[in-house]
Amino acid sequence: EADIATTRAEFGLLDDAGSHVDARNQRRKQASARRGLAKRLVLATDCLVEAQMRHGADVIQRYKLAIDLRPTWDRAYLRCGRVFDTMLARRRRELAASAAAASGALARGGTQQQTAGAFADNVCDFDIVAHEHARGAINHYAQCLEHSAKYAETALPRLLTPWFVFAVTS
């Protein structure tokens, strides 16, 4: 009897009064508090993103904190995947603009315009940052689907699009 009480105390299953029920209730309260905090964090981050007040790594850190607080919550994974998706689209636009500028310079310099056009079409294929954004989006959409099928109609097409685009080039 004393050994069982000592073992329970070592694993934090007892409080000062020796009741394992109180410890169980305390864990439930902590889990509930973590769920509430994660929900508020995701809602606040969604508002910041929609108002275009924050973007990029700052937003990703906030969503990852929500995921750490509530690891099986599919909505947090979906929102984080969308941020990676947005960053990927922005990166592709930047690379396409720089490729268009480069192709214009090449055309003025007398080099073949076909080479510049091919470069503009495949500019994102070998960009490491774009691949990192695609991997982040694919990873988070897959984890969203792993935890629930609630957002399958949203997450599945968003998962497959960068997967197919970057699988061809890898």
Requested in this report: Would you sort out whether Tyr141 and Leu156 count as a side-chain contact (heavy atoms from CB on, under 4.5 Å), showing the intermediate values?
Outcome: CA-CA 7 Å; Tyr141 288 137; Leu156 195 57; over 6 Å; no
**Report entry** Nearest-0.5 Å distance, CG of residue Asp127 to OG of residue Ser98
**Finding:** 9.0 Å
Report summary line: Heavy-atom closest pair (Ala134 atom, Pro162 atom, distance to 0.1 Å) is CB-CB, 4.3 Å
Query - From CZ (Phe84) to CD1 (Ile138), nearest 0.5 Å - result: 11.5 Å
Query raised in the report: Leu78 and Leu160: same hydrophobic cluster, using ILVMFWY side-chain contacts below 4.5 Å?
Result: yes
Query raised in the report: Can you find a heavy atom in the side chain of Tyr77 that is under 4.5 Å from one in the side chain of Glu146?
Result: no
Requested in this report: Report the C-alpha separation of Trp73 and Lys39 in whole Å, then their side-chain angles, then the decisive distance to 0.1 Å, and conclude whether the side-chain contact (heavy atoms from CB on, under 4.5 Å) test is met.
Outcome: CA-CA 9 Å; Trp73 193 24; Lys39 184 176 182 177; 4.2 Å; yes
Report summary line: On a heavy-atom basis, the closest approach of Ala38 and Arg70 is CB-CB, 3.9 Å
Query raised in the report: What pairs with Asp74 under salt bridge (Lys or Arg N to Asp or Glu O under 4.0 Å), at least two apart in sequence or on another chain?
Result: none
Report summary line: CG of Asn139 to SG of Cys80, rounded to nearest 0.5 Å, is 9.0 Å
Show me the donor-acceptor pairs, under 3.5 Å and distance only, between side chains in residues 41-54 and residues at least two apart or in other chains.
residue: Thr45; atom: OG1; partner: Leu41; partner atom: O; Å: 2.7
residue: Thr45; atom: OG1; partner: Arg62; partner atom: NE; Å: 2.9
residue: Asp46; atom: OD1; partner: Tyr63; partner atom: OH; Å: 2.4
residue: Asp46; atom: OD2; partner: Arg79; partner atom: NE; Å: 3.4
residue: Arg54; atom: NE; partner: Asp58; partner atom: OD2; Å: 3.4
residue: Arg54; atom: NH1; partner: Asp58; partner atom: OD2; Å: 3.0

Report summary line: Output for pair (Phe166 CZ, His131 NE2), nearest 0.5 Å, gives 5.0 Å
Query raised in the report: How far apart are the C-alpha atoms of Arg24 and Arg27, what are their side-chain angles, what is the distance that settles it, and do they pass the side-chain contact (heavy atoms from CB on, under 4.5 Å) test?
Result: CA-CA 5 Å; Arg24 202 176 300 155; Arg27 284 193 303 269; 3.8 Å; yes
Query raised in the report: When hydrophobic residues are tied together by side-chain contacts of less than 4.5 Å, even through go-betweens, does Phe164 share a cluster with Leu159?
Result: yes
**Report entry** Trace of the side-chain contact (heavy atoms from CB on, under 4.5 Å) decision for His140 with Ile67
**Finding:** CA-CA 10 Å; His140 284 87; Ile67 289 169; 3.9 Å; yes
Query raised in the report: Rounded to the nearest 0.5 Å, what separation is found between the CZ atom of Arg135 and the CD1 atom of Ile128?
Result: 11.0 Å
Query raised in the report: Minimum heavy-atom separation for Ala137 to Gly81, with atom names?
Result: CB-O, 3.9 Å
Query - Listed partners of Arg90 passing side chain to side chain contact (heavy atoms under 4.5 Å, CB included), at least two apart - result: His55, Thr86, Met87, Arg93, Glu94
**Report entry** Thr72 side, atom OG1; Arg35 side, atom CZ - distance, nearest 0.5 Å
**Finding:** 9.0 Å
**Report entry** Nearest non-hydrogen partners of Ala76 and Ala66, listed with the distance
**Finding:** CB-CB, 4.5 Å
Query raised in the report: Is a donor on one side and an acceptor on the other found under 3.5 Å between the side chain of Arg34 and the backbone of Asp68?
Result: yes
**Report entry** Leu88 side chain reached by Glu132 side chain, heavy atoms, under 4.5 Å
**Finding:** no
